[in-house]
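Here it is: the structure, laid out below.
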Amino acid sequence: MKTIRNDIRNIAIIAHVDHGKTTLVDSLLKQSGIFRANQEVEDRVMDSNDIERERGITILAKNTALYYGDVKINVIDTPGHADFGGEVERVLKMASGVILVVDAFEGPMPQTKFVLKKAFELDLPVIVCINKIDRPEARPNEVIDEVLDLFIDLGASEKHLDCPFIFTSAKKGTASLDFNEVGESMDPLFKAIIENIPGPEGDTEGPLQVLISTIDYNDYVGRIGIGKVERGKISTNQEAVIVNMANKEKQDKVKISRLYEFEGLNRKEIQSATVGSIIAITGVENINIGDTICDINKPEPLPFVKISEPTISMTFSVNDSPFAGKEGKFLTSRQIRARLFKELQTDVSLRVEETDTTDAFKVSGRGELHLSVLIENMRREGYEFQVSKPEVIFKEENGKKLEPMEKVTIDLPSEYIGAVIEKLGQRKGELISMTESNGGYARLEFSIPARGLIGYRQEFMTDTKGNGILNSVFDGYAPYKGEIPRRTSGSLISYETGETTSYGLHAAQERGILFVGPGVGVYTGMVIGSNPKGLDIDVNVCRKKQQTNIRAAGSDEALRLSPPKVMSLEEALEFIEEDELIEITPLNFRIRKKILDSSKRYKSKKNN
C-alpha cells in the first residue's frame, strides 16, 4: 500500500558555481536550531574537504538534515562546477524536489541550465531562489525573466512555470517573497519547501528496495553506502541481497550491520528506517554506486541514472626523473594503481584503464579541473608520479570523427571583446550570441571544441587583465573541426643537473620568463621557463661566476632577477606540450621533457 510521508522532505540544492548554494545551506542549518547557541561554526560548513575550502568550490555532494517544526528536511548540497556534474546527476535520484539558486546579478549560467535539465528529466518540482539580492548591482526583474526563458528553452511544463520565486541573501540569512522587501529570516524559504516539495511516497509494507547513490569511505568502518529507502523497511542485522541493474545475475547476500540517519553535520545511529528516509549503511563490503539493496526473497534492482561519459584523458605514470623517490612515500606502479582504482569506488565519472606498460595508466574524466583535483588529492596523500598533457577523447560514428564540444559563456568589459573573439576564432570557436549591458560589460556565448579550451584560460586572464569570467559546460559531440594552432611559446630547458644560481638565472632570463628562483634543484631536461619566440632552448642555470682577483668598477654589482612565475597545477597542465610531462610530488611539481637528454631529444624530433 502506497503512503506519503508528510514528516520528511528530500531536497537537492542546485546552481552554477559560486551562486551561493553552500552559504544558503549554512543559513538554513543555523536557523533550524541544529547548532548550540554557543557553538562556533565555520563559514561554508558543508565544504569539509581542504581543497574545497581553499578554492571556494564544492566538489563532492554532501548530505545534511535539519528540522522545521515537526518536518525533517534532508538537504543535499551539490557541486556547481561542470567537471563534477556526475555528482549532481546521481544524487538527484534521492531528492523529491530541488531549490535552484541563481545569482541576482549574473542570472542563469551554463551550469544552471545543465543541472536544471537533469531535474526536469526526473520531473522534480522546483523552487527558484534568487540569491545575493543585496548586491548593489542586483537586477532581480531581468533575472526572473531570464530564468523563465530558460525554463521555456528546456521545455518546462505548466507545473514548473508556476514554481515559487524566493528572494534571499544567504550571507545575511534572510528570505522574502518580494524582491523590494528585505526579509528577517529564512522562514519564507522553509515554508516554500514544506508547501511545494512533496513528501516521499512509497509502499511501506512492500519488499525492501534501497538505491545507493553515493559512496563514502572511512578507515574504521570501510565503505559507507548512502541512499534512499524506495520501498519497504530496513533494519539492522537484516539479511538482504545486493543487485545492480547492469548485471542482474550477480547477487550478493549481505547482512546490514549498522544504519545511520543524517542530523545536522553528524550521523545518528538508528535501528530501522522506512520509505523516504535517506540513510547511510556500513558493514557491506562490495557496495557500489547504482546498486540496489533488496529483500532477500525479491531481488528487484532499480534503474540508475546514466552518467555522462568522460571527455578528457591523461596518462598517470611512475616517476622516472633523476629526483624520483626523494619526496614521496608511495612511488611504485602497484601503489599508484591501487589508489586510482580506489578512486573509482566513489567517483562514477572517472575511468581508469591499463596501458601497454605496467608503469602507466590512462585516466579519463569530465575536465581538467576534475583530473587536477584527483592529482592534488594524491599529491597531498604522499604519492609521487608523472602526468601527461590532457587530451580530448574522440568518437567515431558512421565513419565520421566526432569531438566533444563546450558551450562557453564569457562575461567581460566591452573593451576586451575584440581580443577574445579573435583568440577563440583561431581555436575554432563560433560566436553564438553577444549581449552588452549599460554598465560597459558584455556577455559572449561560444560553441568551441573542448581541445580549443585547453591552454586558453591563462591567456584569457592576460587578455582581459583579470577582469573576465569564463564558464564552460559540455555540449555534446560534433564533427571534427580541424587542426587548432598549438602553444606559441617554447620551453627553456635546464642543460645540467645541479642547483640554480643567480648568475646562471640572470643570463637565462633574457631568453624568456623563468619558473624557478635561485637555490632550486634542477636536472637535465627539466623545463625551467618559457620562451616567447616559440623555440625550445637549453640554458645553463647552474653556471657559477668565475672567481678572479681582478677588480673592475661595476663588475661586482648585485644581479637583478625578475621574480619567477609560480604556476598552479591547472596552469602547468595548460602549459605543457605532447613531449612534456609534469612530475608530481608531495612537495613540488616540475615540468620536464619526456626525453631528458638533449641530443636524443633532437634526434627523435628529426625522425618525426
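For this chain, numbers begin at 1 and follow the sequence in order. Heavy atoms only: backbone and side chains are in, while hydrogens, waters and symmetry mates are out.
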Q) Salt-bridged, Glu415 to Lys465, with N to O below 4.0 Å? A) no

Q. Are the side chain of Thr292 and the backbone N or O of Asn244 linked by a donor-acceptor pair below 3.5 Å?
A. no

Q: Check whether any side-chain heavy atom of Leu340 lies under 4.5 Å from a side-chain heavy atom of Phe385, and answer yes or no.
A: no

Q | Residues, nucleotides or ligands: over 12 heavy atoms within 6.0 Å of Arg511 CZ | A | no

Q) Can you list the steps and then say if Arg590 with Glu327 is a salt bridge (Lys or Arg N to Asp or Glu O under 4.0 Å)? A) CA-CA 12 Å; Arg590 308 177 184 94; Glu327 295 166 4; 2.8 Å; yes

**Q.** Spatial distance of atom CG (Asp320) from atom CD (Gln386) [nearest 0.5 Å]
**A.** 4.5 Å

Q) So, do Pro479 and Leu402 sit near enough that their side-chain heavy atoms are less than 4.5 Å apart? A) yes

Q: Can you see which heavy atom on Val541 is nearest to which on Ala508, and at what distance?
A: CG1-CB, 3.8 Å

Q: Quick one: do Ile469 and Thr409 satisfy side-chain contact (heavy atoms from CB on, under 4.5 Å)? Show the steps, please.
A: CA-CA 8 Å; Ile469 300 167; Thr409 303; over 6 Å; no

**Q.** Chi angles and distances behind the side-chain contact (heavy atoms from CB on, under 4.5 Å) call for Glu510, Val539
**A.** CA-CA 11 Å; Glu510 293 171 17; Val539 288; over 6 Å; no

Q: State whether the side chain of Thr585 and the backbone N or O of Gly328 hold a donor-acceptor pair below 3.5 Å, judged by distance alone.
A: no

Q: Would you check if the distance from the ring center of Tyr383 to the ring center of Phe330 is below 6.0 Å?
A: yes

**Q.** Separation of Met314 CE from His370 NE2 (nearest 0.5 Å)
**A.** 12.0 Å

With a cut-off of 3.5 Å and sequence neighbours excluded, list every side-chain donor-acceptor pair involving residues 390-401.
none

Q: Would you sort out whether Phe316 and Val387 count as a side-chain contact (heavy atoms from CB on, under 4.5 Å), showing the intermediate values?
A: CA-CA 5 Å; Phe316 283 50; Val387 296; 4.0 Å; yes

Q: Inspect the surroundings of OH in Tyr602 and state if more than 12 heavy atoms from other residues, nucleotides or ligands are less than 6.0 Å away.
A: no

Q. Does the side chain of Ser313 come within less than 4.5 Å of Arg351's, by heavy atoms?
A. no

**Q.** Any side-chain heavy-atom pair of Tyr480 and Arg451 under 4.5 Å
**A.** yes

(Q) Main chain of Pro310, side chain of Arg366: is a donor-acceptor contact present, judged purely on distance under 3.5 Å? (A) no

Q: Could you tell me whether the side chain of Ser388 and the main chain of Thr315 form a donor-acceptor pair under 3.5 Å?
A: yes

Q | Side-chain heavy-atom pair Met378, Glu343 within 4.5 angstrom cut-off | A | no

Q: Would you confirm whether Arg601, through its side chain, and Ile595, through its main-chain N or O, come within 3.5 Å as a donor-acceptor pair?
A: yes

**Q.** Trace of the salt bridge (Lys or Arg N to Asp or Glu O under 4.0 Å) decision for Asp597 with Lys603
**A.** CA-CA 10 Å; Asp597 187 279; Lys603 278 178 189 168; over 6 Å; no

Q) In Å and rounded to the nearest 0.5 Å, what is the CG to CG distance from Asp359 to Asn319? A) 11.0 Å

Q) Which atom pair, heavy atoms only, marks the closest approach of Phe575 to Ser489? A) CE1-OG, 4.0 Å

(Q) To the nearest 0.5 Å, what is the distance between OH on Tyr477 and CD on Glu403? (A) 9.5 Å

Q. Under 4.5 Å between any side-chain heavy atoms of Ile591 and Met567, yes or no?
A. yes

**Q.** Lys594/Asp579 salt bridge by N-O under 4.0 Å criterion
**A.** no

Q | Side-chain (Gln509) to main-chain (Ser562) donor-acceptor, under 3.5 angstrom | A | yes

Q. Can you name the closest pair of heavy atoms from Ser372 and Leu569 and give their distance?
A. O-CD2, 3.6 Å

Q: Answer yes or no: is there a donor N or O on one side and an acceptor on the other, between the side chain of Ser321 and the main chain of Phe323, under 3.5 Å?
A: yes

Q. So which heavy atom on Tyr523 is nearest to which on Leu596, and how close?
A. CE1-CD2, 3.9 Å

Q. Could you state the interatomic distance from OG (Ser317) to CG (Leu581), rounded to the nearest 0.5 Å?
A. 6.0 Å

Q. After noting the C-alpha distance and the side-chain angles of Lys407 and Ile432, does the key distance pass the side-chain contact (heavy atoms from CB on, under 4.5 Å) rule?
A. CA-CA 9 Å; Lys407 183 82 150 290; Ile432 299 167; 3.8 Å; yes

Q. Should Ile410 and Phe460 count as side-chain neighbours, where that means a heavy-atom distance under 4.5 Å?
A. yes

Q. Closest approach of Pro303 and Lys93, non-hydrogen atoms and distance?
A. O-NZ, 3.4 Å

Q: To the nearest 0.5 Å, tell me how far Leu573 CG sits from Leu371 CG.
A: 8.0 Å

Q) Can you name the nearest heavy-atom pair linking Cys542 to Val522, along with the distance? A) SG-CG2, 3.6 Å

Q: Would you check if Glu354 and Phe361 make a side-chain contact, meaning some heavy-atom pair closer than 4.5 Å?
A: yes

Q: Could you walk me through whether Lys593 and Asp536 pass salt bridge (Lys or Arg N to Asp or Glu O under 4.0 Å), step by step?
A: CA-CA 10 Å; Lys593 288 290 182 185; Asp536 285 353; 2.8 Å; yes

